[in-house]
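Everything on this sheet refers to the single structure shown next.
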Amino acid sequence: QVQLVESGGGLVQAGGSLRLSCAASGRTYHNYFMGWFRQAPGKEREFVAGVRWKDDITYYLDSVKGRFTISRDNAKNMLYLQMNSLKPEDTAVYYCAANGNSGSLYYTHQDEYDYWGQGTQVTVSS
């Protein structure tokens, strides 16, 4: 069992920044692929960014490349998503997720993930 808790969401003006955090606890996840997803009203949940924990390989949704950065802290068991140059279309509930498999370089479909946090709201005003 792995427990994930997100924090750091809020309201920000377009062009601003936010840093999301995900605290992980429970059984070891250092061989997992960890990801951030988001879901806007009326839309499907989509992959935003991910990292293969064991070797720090990262992968990003094309629309956030150069603006978002995913990172991890082994000592604190934390996953982060630094979001810069935010746009109104980034508005969504953001979820932290864990995939128990890490053989591939990346996993981008929600059905591939086993554990989920409760979500944190990010709202970007224009």
Separation between OG of Ser17 and CZ of Phe68, rounded to the nearest 0.5 Å: 9.5 Å
Can you tell if the side chain of Leu105 reaches within under 4.5 Å of the side chain of Arg52, non-hydrogen atoms only? yes
Euclidean distance, Glu46 CD relative to Arg38 CZ, rounded to 0.5 Å: 4.5 Å
Close side-chain approach of Trp116 to Gln110, heavy-atom, < 4.5 Å: yes
Whether Tyr107 and Phe33 hold their rings parallel, tilted or perpendicular, with breakpoints at 30° and 60°: perpendicular
Criterion side-chain contact (heavy atoms from CB on, under 4.5 Å) on Leu18 and Leu86, from CA distance to verdict: CA-CA 8 Å; Leu18 285 173; Leu86 283 162; 4.2 Å; yes
Is there a side-chain contact between Glu89 and Val124 (heavy atoms, below 4.5 Å)? no
May I ask you to test the Gln82-Asn84 pair for a side-chain heavy-atom distance under 4.5 Å? yes
Does any part of the side chain of Tyr32, heavy atoms only, come nearer than 4.5 Å to the side chain of Tyr115, both counted from C-beta? yes
Approximate separation, where rounding is to 0.5 Å, of Ser71 OG and Leu81 CG: 8.5 Å
Glu6 side-chain N/O to Gln118 backbone N/O, donor-acceptor pair under 3.5 Å: yes
So, do Ile70 and Tyr80 sit near enough that their side-chain heavy atoms are less than 4.5 Å apart? no
Drop me the distance from Ser21's OG to Leu79's CG, to the nearest 0.5 angstrom. 8.5 Å
Looking only at atom types and distance, does a side-chain atom of Thr123 sit under 3.5 Å from a main-chain N or O of Leu11, one as donor and one as acceptor? no
Does anything in residues 61-72 pair up under salt bridge (charged side-chain N to carboxylate O under 4.0 Å, His left out), and if so which pairs, sequence neighbours excluded? Asp56-Arg72, Asp62-Lys65, Arg67-Asp90
Ring pair (Phe, Tyr, Trp, His ring centres under 6.0 Å) involving Phe47 - partner list, sequence neighbours excluded: Phe37
Give the minimum heavy-atom separation between Ala40 and Ala92, together with the two atoms involved. N-CB, 3.8 Å
For Tyr113 versus Asn99, what's the shortest heavy-atom pair and its separation? CD2-N, 3.5 Å
Could you tell me if the side chain of Asn74 sits less than 4.5 Å from the side chain of Trp53, heavy atoms only? yes
Sequence neighbours excluded, the answer for salt bridge (Lys or Arg N to Asp or Glu O under 4.0 Å) partners of Asp111 is none
Those residues at least two apart in sequence (or on a different chain) that pass ring pair (Phe, Tyr, Trp, His ring centres under 6.0 Å) with Tyr60 are none
Taking C-beta and beyond as the side chain, do Thr120 and Val93 meet within less than 4.5 Å on heavy atoms? no
Distance from Met78 atom CE to Asp73 atom CG, nearest 0.5 Å? 8.0 Å
Do any pairs count as a disulfide (SG to SG under 2.5 Å) and have a residue in residues 54-126, sequence neighbours left out, and if so which ones? Cys22-Cys96
Can you pull out every disulfide (SG to SG under 2.5 Å) where at least one residue sits in residues 40-89? Sequence neighbours excluded, please. none
